[in-house]
K.L.:
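Questions regarding the structure given below will be posed in turn.
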Protein chains: 2
Amino acid sequence: MAEPETFKIRRLEISDKRKGFIELLGQLTVAGSLTDEEFDGRFEEISSYGDDHVICVIEDEASGKIAATGSVMIEKKFVRSCGKVGHIEDVVVDSGFRGKQLGKTVVEFLMDHCKSMGCYKVILDCSVEKKSFYEKCGLTNKAIQMSKYFA
Amino acid sequence: MAEPETFKIRRLEISDKRKGFIELLGQLTVAGSLTDEEFDGRFEEISSYGDDHVICVIEDEASGKIAATGSVMIEKKFVRSCGKVGHIEDVVVDSGFRGKQLGKTVVEFLMDHCKSMGCYKVILDCSVEKKSFYEKCGLTNKAIQMSKYFA
């Protein structure tokens, strides 16, 4: 009989570098090389924003591997009577853990955080191929993304 | 003979509330009501991020009015070897000052800031109608925006 799967969702911890967090990001985009010092430094920088920049992970407790992640940054605006907007970024599920609703769980965790922080909306950018996934998460497409790469 | 127009681009100052800054944002979206205390508090919060959250304005020095504005928030990531991304938001030109390239000047100011901060890219979301304006600023459309309003 197979062991029951035990997934735990929580905020990123500094020890997650050894649990495949960076390798997982490499399934989304160019992760690049990173020394332990660089990882720790960036972890501290992001942590200094407290609830305004949250990275969540889902750990597969059986294997001790990070199975999914996503982040959200809270923007403080003047519009909407000093409203706040959540920007969701870098959502990815490990290819070995797909089909278990982990992506939806990550997005819902991040949206719940935005709601608890008093955001009036949450936004994210994605490829057209991901549109139906995010619609299942309750988001709708209203605008386009423009970008410019410097490097 | 008409006076020469004197536009000055700079970072938002706390005294800009009295120069029509909030009314200008009202031409972009719902600005909402804002007491002086709320404005000052949000100004201090954003200022505390230093170069990581910059709001720029163009002042028409002849009239002392804010003619255009835009903001950028720098996101610190783990991907791309701890790369940074600039998120441009809330770009608007006063209806009485359009056709003077002020929007392009704002976007270029914000992109220059991102470059000087070491960002590997800059992104923004806009309506399809604004696509050609941002293309003139050097950006291209590669993705879509998804959003969910809580309120």
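Chain A is the first sequence line, chain B the second, and so forth, proteins listed ahead of strands; every chain is numbered from 1. The figures here come from the full heavy-atom set of this structure, side chains too, leaving out hydrogens, waters and symmetry mates.
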K.L.:
Grouping I, L, V, M, F, W and Y whenever their side-chain heavy atoms are under 4.5 Å apart, do B:Val107 and B:Val93 come out in a common cluster?
P.N.:
yes

K.L.:
What closest approach, in Å, do A:Cys126 and B:Ala143 show between heavy atoms, and which atom pair accounts for it?
P.N.:
O-CB, 3.2 Å

K.L.:
Chain A heavy atoms under 4.5 Å from B:Glu75: which part of the residue, side chain, backbone, both or neither?
P.N.:
both

K.L.:
B:Leu139 and B:Ile123: same hydrophobic cluster, using ILVMFWY side-chain contacts below 4.5 Å?
P.N.:
no

K.L.:
Between A:Asp52 and B:Tyr49, is a side-chain contact (heavy atoms from CB on, under 4.5 Å) present by the stated rule, with each step listed?
P.N.:
CA-CA 11 Å; A:Asp52 290 337; B:Tyr49 293 120; 2.8 Å; yes

K.L.:
Below 4.5 Å from any heavy atom of chain A, which atoms of B:Lys130 appear? Answer side chain, backbone, both or neither.
P.N.:
neither

K.L.:
Can you tell me if A:Ser81 uses its side chain to pair, donor with acceptor, with the backbone of B:Ser33 under 3.5 Å?
P.N.:
yes

K.L.:
Is B:Thr140 close to chain A through its backbone or its side chain, or both, or neither, when contacts mean heavy atoms under 4.5 Å?
P.N.:
both

K.L.:
Hey, is CZ on A:Arg18 packed in by over 12 heavy atoms from elsewhere, all under 6.0 Å?
P.N.:
no

K.L.:
If I measure from the heavy atoms of chain A, does B:Phe39 come under 4.5 Å with its side chain, its backbone, both, or neither?
P.N.:
both

K.L.:
Under 4.5 Å, counting heavy-atom pairs only, tell me which of A:Asp90, A:Ile22, A:Ile88 racks up the most with chain B.
P.N.:
A:Asp90

K.L.:
Among B:Lys115, B:Glu38, B:Lys142, B:Glu135, who wins on heavy-atom pairs under 4.5 Å with chain A?
P.N.:
B:Lys115

K.L.:
Are A:Phe109 and A:Met73 co-members of a hydrophobic cluster defined by side-chain heavy atoms under 4.5 Å apart?
P.N.:
no

K.L.:
So does A:Met146 get a backbone contact from the side chain of B:Asp125, meaning a donor-acceptor N/O pair under 3.5 Å?
P.N.:
no

K.L.:
Sort A:Phe43 into side chain, backbone, both or neither according to what part of it lies under 4.5 angstrom from a heavy atom of chain B.
P.N.:
both

K.L.:
Assess whether side-chain contact (heavy atoms from CB on, under 4.5 Å) is satisfied between B:Lys131 and A:Ile144, documenting all intermediate values.
P.N.:
CA-CA 8 Å; B:Lys131 184 169 177 258; A:Ile144 60 172; 3.8 Å; yes

K.L.:
Membership question, hydrophobic clusters at under 4.5 Å side-chain separation (ILVMFWY): are B:Val30 and B:Leu24 in the same one?
P.N.:
no

K.L.:
Of the non-hydrogen atoms in B:Cys114 and A:Phe150, which two are nearest, and what is the gap between them?
P.N.:
CB-CE1, 3.8 Å

K.L.:
Do you reckon B:Val106 sits in the same ILVMFWY cluster as B:Val57, going by side-chain contacts under 4.5 Å, direct or chained?
P.N.:
no

K.L.:
Top residue by heavy-atom pair count (under 4.5 Å) with chain A, among B:Met111, B:His53, B:Glu45, B:Lys121?
P.N.:
B:Lys121

K.L.:
Under a 4.5 Å cut-off applied to non-hydrogen side-chain atoms, are B:Glu89 and A:His87 in contact?
P.N.:
yes

K.L.:
How would you list, by chain and number, every residue that makes a salt bridge (charged side-chain N to carboxylate O under 4.0 Å, His left out) with B:Arg80, sequence neighbours excluded?
P.N.:
none

K.L.:
For the atom pair NZ (A:Lys148) and CG (B:Leu124), what is the distance rounded to the nearest 0.5 Å?
P.N.:
12.5 Å

K.L.:
Any side-chain heavy atom of B:Phe78 sitting closer than 4.5 Å to one from A:Arg42?
P.N.:
yes

K.L.:
Using non-hydrogen atoms and a 4.5 Å limit, figure out which bit of B:Glu129 sits close to chain A: side chain, backbone, both or neither.
P.N.:
neither

K.L.:
Let me know if B:Leu12 has heavy atoms under 4.5 Å from chain A in its side chain, its backbone, both or neither.
P.N.:
side chain

K.L.:
Against chain B, work out which of A:Leu28, A:Leu25, A:Ile55 has the most heavy-atom pairs shorter than 4.5 Å and name it.
P.N.:
A:Leu25

K.L.:
Between A:Ser71 and B:Lys77, is there a side-chain heavy-atom distance shorter than 4.5 Å?
P.N.:
no

K.L.:
Applying a criterion of heavy atom separation less than 4.5 Å, what residues of residues 95-103 of chain A form contacts with chain B?
P.N.:
none

K.L.:
Measuring heavy-atom distances to chain A, does B:Leu34 have an atom under 4.5 Å in its side chain, in its backbone, in both, or in neither?
P.N.:
side chain

